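This report concerns only the one structure given below.
Any value given below was found using the heavy atoms of this structure, including those in side chains, with hydrogens, waters and symmetry copies removed. Quick caveat: nothing in here was measured; it's all calculated off a predicted structure.
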Amino acid sequence: MKIIIIGAGKVGCQIAKTLSLENHDVTLIEKDDVIRQSAQNSLDVLTILGNGANSRTLEEAGIKQSDMIIAVTSSDEVNMIACMTAKQFGVPQKIARIRNPEYLYANALSREKLGIDFTINPERATAKEIVKLLKSPINVAQLQSFAGGKVQLFELKVDESFPFINQQLKAITFKHPILVAAIYRNDKIIIPDGEEKIITGDNLYVLIRKEYFLELSEIFNQKPLSVQNVMILGGSRIGIQTALILAKLGFNTKLIERDKEKCEKIAESLPRTLVINGDGTNIDLLKSEGIETTDGFVAVTGYDEDNLLVSLLAKHLGTKKVIAKVDRTNYIPILEKIGVDAVVNPRMTTTSAILRFIRRGKIISLTLLKEGEAEVIELVVSPHSKIINTPLKEAKLPQNSIIGAIVRKDKVIIPHGNDIIQPEDKIIIFALSSDIKKIEKIFDGGKK
């Protein structure tokens, strides 16, 4: 496909990188020449200096021959105008990042009228991710659902108390069907075989059927967690969206914001949340508001350093589950190693959502792992696939890939080597990003 991406920020560059590796014809438009030059030097794509909402710039980028436009600048208005312009040129697919909720819910600005096929609100998507993590029965670093919620994927950190340390995967007997589909170790993703051992410091990516998810504490010998009281640091859009969702679910929620005027506006929009005006980095304030008896703490200010510092402080003071929002991805491994339970990154959340839409059809869902180094994809097996009726142990999958689950109608199978794939099965597969194209060709029979 010929794809135009407008905005060479973190999201735009991540999408451009992923799509160019899949041999799509990608053109990246950026109005800031310094940012454009940086993208040009780091990506194998064509970059153009200009305003992506300008028809002349779009024509220079080849809008008339394009199959898709992805507008992810920092301006909602530019993104919307770019999609409207692309509609006039007859571009089949238009995607826009829109952060202002007023635009999303205004009747006069429907997606159809704007010519937008898919919108993504990073703040709301990130808030939903945070709430899922808070609802988990044990401390997990990531949580995703597949097959309409029938299969759960979670990321679990291995510490000294983990019951299966130094055991080979093939020697471990779990109470319920479970698959350790990937391991994050020493800053690399490993797709393991049965010989691989679990060691302290690993992050495990585990697949389990939904009905067994609530029994995770028993399976992994951990104390079950029940989060009822949540404290949110930061009256950002993510903080407000998180508080709104939690209030609807019946959580007791407090939100701390430093700016008094902002606090007053937030309090009006969050009638079921206690909004506190104060410096959330102040330990005395946190103690006076009950941080030591708080079940969940969420740091979503606009400053990564504050989120990092106060999250560690909350954990030290006894909070059961601590989640921090981080924009700089080089901070993520540090946070995970020094005690923060989970890290959310709006860029990766947004990128995953956009890539899911781009690949929709046979591919139902997609999740990026660790900066896009690996992917988890859910797809439907084509009747033309060469892998049908072949035992998995004989299937010629790329070396760094593994089938984590097979969903056949309403039945979920955590597969073994003798299991056979049938046409129209839904498959959840882990693979390094470099092998995704090979995977798609295997399961759709090479037909596009």
Side-chain angles (χ1 to χ4, degrees), residues 10-11 74 99-102 121-135 141 227 229-249 251-292 294-317 319-329 331-332 334-336 338-350:
K10 294 175 181 178
V11 171
S74 58
R99 307 177 74 172
N100 189 336
E102 293 179 8
N121 182 324
E123 287 77 19
R124 182 153 182 84
T126 305
K128 288 180 178 179
E129 190 176 339
I130 290 169
V131 172
K132 283 194 296 183
L133 290 166
L134 289 170
K135 291 169 64 180
V227 175
N229 303 303
V230 178
M231 187 179 292
I232 300 171
L233 174 65
S236 61
R237 284 175 175 168
I238 295 175
I240 294 168
Q241 290 289 335
T242 302
L244 278 170
I245 298 171
L246 290 175
K248 288 179 182 178
L249 294 173
F251 287 79
N252 298 317
T253 310
K254 295 179 180 179
L255 187 148
I256 302 174
E257 168 55 44
R258 185 178 300 178
D259 186 296
K260 186 176 181 180
E261 186 178 339
K262 195 174 181 181
C263 255
E264 292 172 354
K265 291 181 180 178
I266 292 171
E268 292 177 6
S269 62
L270 298 175
R272 288 187 280 179
T273 298
L274 177 59
V275 180
I276 300 159
N277 177 221
D279 181 1
T281 64
N282 185 310
I283 189 169
D284 292 329
L285 174 66
L286 293 174
K287 284 184 175 181
S288 69
E289 293 300 335
I291 187 69
E292 292 159 306
T294 295
D295 302 320
F297 183 85
V298 180
V300 288
T301 75
Y303 301 97
D304 286 356
E305 293 80 5
D306 284 354
N307 295 339
L308 186 157
L309 174 66
V310 186
S311 294
L312 291 176
L313 183 59
K315 195 68 180 178
H316 176 72
L317 292 173
T319 303
K320 297 175 187 176
K321 187 173 291 191
V322 175
I323 301 168
K325 184 214 63 150
V326 173
D327 291 315
R328 287 187 233 175
T329 51
Y331 278 5
I332 295 176
I334 300 170
L335 282 163
E336 291 178 338
I338 59 180
V340 176
D341 297 313
V343 179
V344 292
N345 179 264
R347 167 166 63 103
M348 298 308 293
T349 300
T350 303

How far does CD of E123 sit from CZ of R99, to the nearest 0.5 angstrom? 4.0 Å
Measure across T253 and A247 and return the closest heavy-atom pair with its distance rounded to 0.1 Å. OG1-N, 4.4 Å
Can you tell if the side chain of K320 reaches within under 4.5 Å of the side chain of D341, non-hydrogen atoms only? no
Under 3.5 Å donor-acceptor, K315 side chain and V322 backbone: no
Is any side-chain heavy atom of I283 closer than 4.5 Å to one of L317? yes
Heavy-atom pair of closest approach, residues L255 and A243: CD1-CB, 4.3 Å
With rounding to the nearest 0.5 Å, note down the distance linking CD1 in I238 to CG in N121. 9.0 Å
Does some side-chain heavy atom of I245 sit less than 4.5 Å from a side-chain heavy atom of R124? yes
Expected list for residues 126-134: side-chain donor-acceptor pairs under 3.5 angstrom, two or more places apart:
from : atom 1 : to   : atom 2 : distance (Å)
T126 : OG1    : P122 : O      : 2.7
E129 : OE1    : T349 : OG1    : 2.6
K132 : NZ     : L143 : O      : 3.4

Give the C-alpha distance, both sets of side-chain angles, the deciding distance and a yes or no for side-chain contact (heavy atoms from CB on, under 4.5 Å) between D295 and F251. CA-CA 10 Å; D295 302 320; F251 287 79; over 6 Å; no
Calculate, to the nearest 0.5 Å, the distance between atoms CG and CD1 belonging to L233 and I323 respectively. 13.5 Å
Set out, in order, the CA-CA distance, both residues' side-chain angles and the distance that settles side-chain contact (heavy atoms from CB on, under 4.5 Å) for L249 and K135, then state yes or no. CA-CA 10 Å; L249 294 173; K135 291 169 64 180; 4.2 Å; yes
Which residue in the set L270, L246, T301, I276 passes side-chain contact (heavy atoms from CB on, under 4.5 Å) when paired with I232? L246
Test side-chain contact (heavy atoms from CB on, under 4.5 Å) on N100 and R237; report intermediate values, then the result. CA-CA 9 Å; N100 189 336; R237 284 175 175 168; 4.3 Å; yes
Supply the atom-to-atom distance L274 CG to I256 CD1, rounded to the nearest 0.5 angstrom. 9.0 Å
Between N277 (side chain only) and C263 (backbone N and O only), is there a donor and an acceptor less than 3.5 Å apart? no
Less than 4.5 Å apart, any side-chain heavy atom of L308 and any of V326? no
Taking all heavy atoms of N307 and all of K325, pick out the closest pair and write down the distance. ND2-O, 2.8 Å
Quick one: does V310's side chain get under 4.5 Å of L286's, heavy atoms only? yes
Taken to the nearest 0.5 Å, the spacing of N345 CG from R328 CZ works out to 12.5 Å
According to side chain to side chain donor-acceptor pair (under 3.5 Å), does anything in residues 256-273 pair up with another residue at least two apart or in another chain? List the pairs. R258-D279
Evaluate I291 against L313 for side-chain contact (heavy atoms from CB on, under 4.5 Å), listing each step before the verdict. CA-CA 10 Å; I291 187 69; L313 183 59; over 6 Å; no
Can you check whether D327 reaches K10 side chain to side chain, under 4.5 Å on heavy atoms? yes
Distance only, no hydrogens: is a donor on one side chain within 3.5 Å (strictly under) of an acceptor on the other, for T294 and N229? no
Note: S311 and V340 closest approach over all heavy atoms is CB-CG2, 3.9 Å
